[in-house]
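Notes follow once the structure below has been shown.
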Amino acid sequence: MEKIYKHQETEGKWYSFWEKKGFFRAKIDPKKEPFMIIMPPPNANGELHIGHALFVTLEDILIRFNRMLGRPTLWLPGADHAGIQTQVVYERLLEKQGKTRYDLGRDKFYSEVYDFTMKNKATMENQLSRLGASCDWSREKFTLDSEISKAVYHTFKKLFNEGLAYRGERLVNWCPRCTTALSDAEVAHKEKEATLWFIKYPLAEEKGKFIIVTTTRPETMLGDTAVAVNPTDRRYKNLIGCKAIVPLINREIPIIEDSVVDKKFGTGAVKVTPAHDPTDFEISERHDLKRVQVIGFDNRITDEGGKYAGLKVNEARRQILEDLKKESLLEKEVPHLHSVGRCERCNDVIEPLVSLQWFVKMPPLAKPAIEVVKEGKIKFIPKRYEKIYFQWMENLRDWCVSRQIWWGHQLPIWYCGSKGLSDLQMKLNNLPETPGCGEIIVSTEEPKQCPKCHNAKLVRDPDTFDTWFSSGQWPFTTLSWPEKTQDFQYFYPTSVMETGYEILFLWVSRMIMLGLYCTDKIPFRTVYLHGIVRDAKGQKMSKSKGNVINPLTIADQYGADAIRIALVFNSTPGNDLNLGEDKIRGMRNFTNKIWNIARFVIDFKPDFYDHKISTEKLKLEDKKILSELKKTKEKVTKSLENYRFSDAAQILYQFIWHQFADIYVEKSKDRREETQVILEEVLKVSMELLHPFMPYVTEEVWQRLPHEGKSIMVTPWPK
RNA sequence: GGGUACGUAGCUCAGUUGGUUAGAGCGCUGCGUUCACAUCGCAGAGGUCACAGGUUCGAAUCCUGUCGUGCCCACCA
């Protein structure tokens, strides 16, 4: 054997060996209890990053461990079309060529993005393989596969028929850059230093007197339809019911009372802009106020804004402040810290706007989803995330599932004639007006005509589903639901959902809700949440900081085994982990240590030695290493059963390096004929225990030792 | 404002229901290469477990408070 272990030569060899032998393919055995993980489908719009390497490692450890335990084991891989994110990525590529999606048109854009996605998907599959992912490629799925789409439509139809999906005009989070509505979960709030302006609104009845309101967004005053104060605020008691005048546009608006107003904030009087602020929208519902939309979907002031019409929001703000100053209506301005919502995908500032969208009612879906966790039917690791989950689930607003983008599942909704569409949809998609009765038809297949008026010219809703609406059904759509296939019957509910804590709300909660709703069963029994991989100093990895560790480059350099074990060594569930090249190098050294123990054991060929361990001949050191091996077996098994990957890895590291190599191997040197069989046994079992963590080097060594069976991968877990 | 987590060796972090001299990796110091491995070995230094109280026979671990840090959520006009 060579002096140095060459991962470049072994890794590819063993992966294709395993694949050819069909070891990744799950086989149903009704007599045995299955183990199954649905792989969180990576977004097919780029390459794998270190976060993917972490999930591959954790899931592959669980999969290989359970497979060796003899359970029929399925790890189902997939890829996500990742709606908005992919569309943003592709639009940025187009931008470099000076183009927009509108230059291509919907069909061409879709097919280009499709090709782009397929290319990325193929790259990622290759990268997953390189990391040793022992998933069942024969069952691979993509979120836009036709059966998956059908299942997604089926679910929506069910929701619609049962009154849980509805269309409504609501205040939604609007991303001007993506030109789409977003769900609450897709908006990231960040604190920002801003200004709080105090603006004088003249009183209509008393000349020369004012009520002073405070705002961080003076430009929205164009859409003010009231001034609100707290009912218990004595300062304004006799103004309630009076009128104020919105400066610059001279609109007369009522002064009203509403308990949502905080007396202590600013002057205690707030301007109410129902069309552009969630709180104000609610006030308008309580007081039946008009909603004047002054900011358009293009982020410019609408015609309602009088002389400011057509200005961009920022320009309008500057102009309005200037004009207010001229009229001496700007009382003062003070620095103010407040949070601004941004689009999670493109980072543009979110504009709350009223628009007609499709929603899914949350409370009826959330209730059972809370119960199954409370009852312990689904367990979270670590447990503290259960509390975070409850808090979120108990305060859910209805879920806006329609997106005004082109990349994704187009809504399975048809309207009889264009009047079913909103003005926004007509404009964004440049659609012609067509006659019809306006009937709404939700169907998994294109309907031939309107059931009401028999009009055959139906218009399909141009919007697409929120990506998370389809991925929220991933645990069962991948198993061919709603058909009750053998795979579905046998493997569902799945065993573990292993994913990052950052998508607890976006994804995990939706899977639980939709899983229960669609299948009447929990989608998985355990939720294991991992943290974010940071650099050696705990900084978030980013291209601009130049501290990104590319898992594939690192795997080339140090081996997939090294990066895998580095990712679990000394890290804990639910917490972020720091990873530097030093740590990976250290694990490469561990790989080489294993290799050299193997050289010592395997390259020695005594003329004769007994191939069975005979208890009478055992010396103290032999007994010691064998009993340590036994303890190691027990501890590693227990740790893996309890998802304590780091413990298991450290136990093995300590045992192999410090007890086996440093002590026993040294002591064995004087009496090789007697110890050879023990060396072989200890090494073989060590490899088997380590295999889930470091699949390649363990296979390479195992194959060179006396063994039964074809591969370490399918050998029984040491007892 | 609410929630949650963290503060342990120079650095990065483990430490599962409280129990003997508190651990690992990297780094550091000294010595050592024919004889598996310098991607190595041997020996070693280094911590009042943020701080202050409390519970206990016993606390890094449980409780209360203080200081500091991170993250999440929220209708912070």
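We name chains A, B, ... by the order of the sequence lines, and we start the count at 1 in each one.
Summarising the geometry, the separation between CD on A/Glu386 and P on B/G3 is reported as 19 Å, rounded to the nearest angstrom. Distance A/Asp224 CG to B/A77 P: 14 Å, rounded to the nearest Å. Rounded to whole angstrom, the span from the OH atom of A/Tyr501 across to the P atom of B/G3 amounts to 20 Å. In this structure, A/Lys190 places its NZ atom 10 Å from P of B/C71, rounding to the nearest Å. Going from atom CH2 of A/Trp595 over to atom C1' of B/A38 covers 19 Å, rounded to whole Å. Taking atom CD1 of A/Ile651 as the reference point, atom P of B/U16 lies 13 Å away to the nearest angstrom. A straight line from CZ of A/Arg585 to P of B/C40 spans 11 Å, rounded to a whole angstrom. We find that CD of A/Glu344 is positioned 15 Å from C1' of B/C73, with the value rounded to whole Å.
Partners of A/Phe265 under the ring pair (Phe, Tyr, Trp, His ring centres under 6.0 Å) rule, at least two apart in sequence or in another chain, are A/His336. Listed by chain and residue number, A/Arg130 satisfy the salt bridge (Lys or Arg N to Asp or Glu O under 4.0 Å) test with A/Asp556 (two or more places apart in sequence, or in another chain).
Comparing A/Lys3 and A/Lys263 along RNA chain B, the residue whose closest nucleotide (by nearest heavy atom) sits nearer the 5' end is A/Lys3. Taking for each of A/Asp184 and A/Val270 the nucleotide of RNA chain B with the nearest heavy atom, the 5'-most of the two is the partner of A/Asp184.
Nucleic acid contact for A/Thr215: sugar-phosphate only, since backbone atoms but no base atoms lie under 4.0 Å from a heavy atom of the residue. Using a 4.0 Å heavy-atom distance criterion, A/Lys669 is classed as a base contact. Nucleic acid contact class of A/Tyr385 (heavy atoms, under 4.0 Å, all strands): none. A/Val213 comes within 4.0 angstrom of no nucleic acid atom, judged by non-hydrogen atoms across all strands. Within 4.0 Å (heavy atoms only), A/Ala661 reaches at least one base atom of the nucleic acid. Counting non-hydrogen atoms under 4.0 angstrom, A/Val261 reaches a base of the nucleic acid. Within 4.0 Å of A/Ile4, counting heavy atoms only, lies at least one base atom of the nucleic acid.
With both ends at atom P, the span from B/G65 to B/A5 equals 15 Å, rounded to whole Å. Going from the C1' atom of B/C11 to that of B/G46 covers 13 Å, rounded to whole Å. A gap of 28 Å separates the P atoms of B/G53 and B/A14, to the nearest Å. B/A45 and B/U56 are spaced 35 Å apart, taking the C1' atom of each and rounding to whole Å. Comparing the C1' positions of B/A59 and B/U20 gives an interatomic distance of 15 Å, to the nearest angstrom. Taking atom C1' in both B/C49 and B/A24, the straight-line distance is 16 Å, to the nearest Å. With C1' as the reference atom, B/U29 and B/A9 are 15 Å apart, rounded to whole Å. B/C76 and B/G23 have their P atoms separated by 50 Å, with the value rounded to a whole Å.
The only member of A/Phe660, A/Tyr653, A/Phe655 that meets ring pair (Phe, Tyr, Trp, His ring centres under 6.0 Å) when paired with A/Trp657 is A/Tyr653.
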Go through it in stages, so that I can follow the logic: the residues are A/Glu674 and A/Arg671, the test is salt bridge (Lys or Arg N to Asp or Glu O under 4.0 Å), and I'd like the CA-CA distance, side-chain angles, deciding distance and then a yes or no. CA-CA 6 Å; A/Glu674 285 169 44; A/Arg671 39 190 284 271; 3.1 Å; yes
What verdict does the side chain to side chain donor-acceptor pair (under 3.5 Å) test give for A/Asp258 and A/His287, after you've listed the backbone C-alpha separation in whole Å, the side-chain angles of each residue and the deciding distance to 0.1 Å? CA-CA 9 Å; A/Asp258 195 291; A/His287 298 269; 2.9 Å; yes
Kindly determine whether A/Tyr609 and A/Glu680 satisfy side chain to side chain donor-acceptor pair (under 3.5 Å), including the steps that lead there. CA-CA 12 Å; A/Tyr609 72 97; A/Glu680 286 174 356; 2.5 Å; yes
Starting from the C-alpha separation in whole Å, work towards a yes-or-no answer on side chain to side chain donor-acceptor pair (under 3.5 Å) for A/Gln650 and A/Ser646. CA-CA 6 Å; A/Gln650 297 202 40; A/Ser646 176; 3.3 Å; yes
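A cation-pi contact, defined as under 6.0 Å to the ring centre and within 45° of the axis, is absent between A/Arg397 and A/Phe359. Geometrically, A/Lys583 does not engage A/Phe569 in a cation-pi contact, judged by NZ or CZ lying under 6.0 Å from the ring centre and within 45° of the ring axis.
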Heavy atoms under 4.0 Å is the rule here; annotate nucleotides 4-15 of chain B 5' to 3' with B where the base is hit, S where only the sugar-phosphate is, and - elsewhere. SS------SBSS
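The residues A/Lys374 and A/Glu394 are annotated as salt-bridged, a charged nitrogen and a carboxylate oxygen being separated by less than 4.0 angstrom.
No more than 12 heavy atoms of other residues, nucleotides or ligands lie within 6.0 Å of NZ in A/Lys624, so this atom counts as exposed by the packing criterion. Heavy atoms of other residues, nucleotides or ligands lying less than 6.0 angstrom from NZ of A/Lys190 number 12 at most. Crowding of A/Glu191 atom CD: a count of heavy atoms from other residues, nucleotides or ligands under 6.0 Å exceeding 12.
Nearest nucleotide to the side chain of A/Glu191, out of B/A77, B/A38, B/C76: B/C76. In this structure, the nucleotide among B/C73, B/A77, B/A24 sitting nearest to the side chain of A/Leu196 is B/A77.
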Pairs counted as Watson-Crick or G-U wobble with both distances under 3.5 Å: what dot-bracket string results for RNA chain B, using | for bases tied to another strand? ((((((((.[[[[.)...(...]]]].(((((.......))))).....[[[[[..)....]]]]])))))))....
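Residue-nucleotide stacking is not present for A/Tyr653 and B/A24, judged by a side-chain ring centre under 5.5 Å from the six-membered base ring centre and planes under 30° apart.
Listed by first and then second residue, the side-chain hydrogen bond (donor to acceptor under 3.5 Å, both in side chains) pairs that reach into residues 587-596 of chain A are A/Asn596-A/Arg599, sequence neighbours excluded.
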All N/O pairs under 3.5 Å across the protein-nucleotides 41-44 of chain B interface:
| unit_1 | atom_1 | unit_2 | atom_2 | d |
| --- | --- | --- | --- | --- |
| B/G41 | OP1 | A/Trp657 | NE1 | 2.3 |

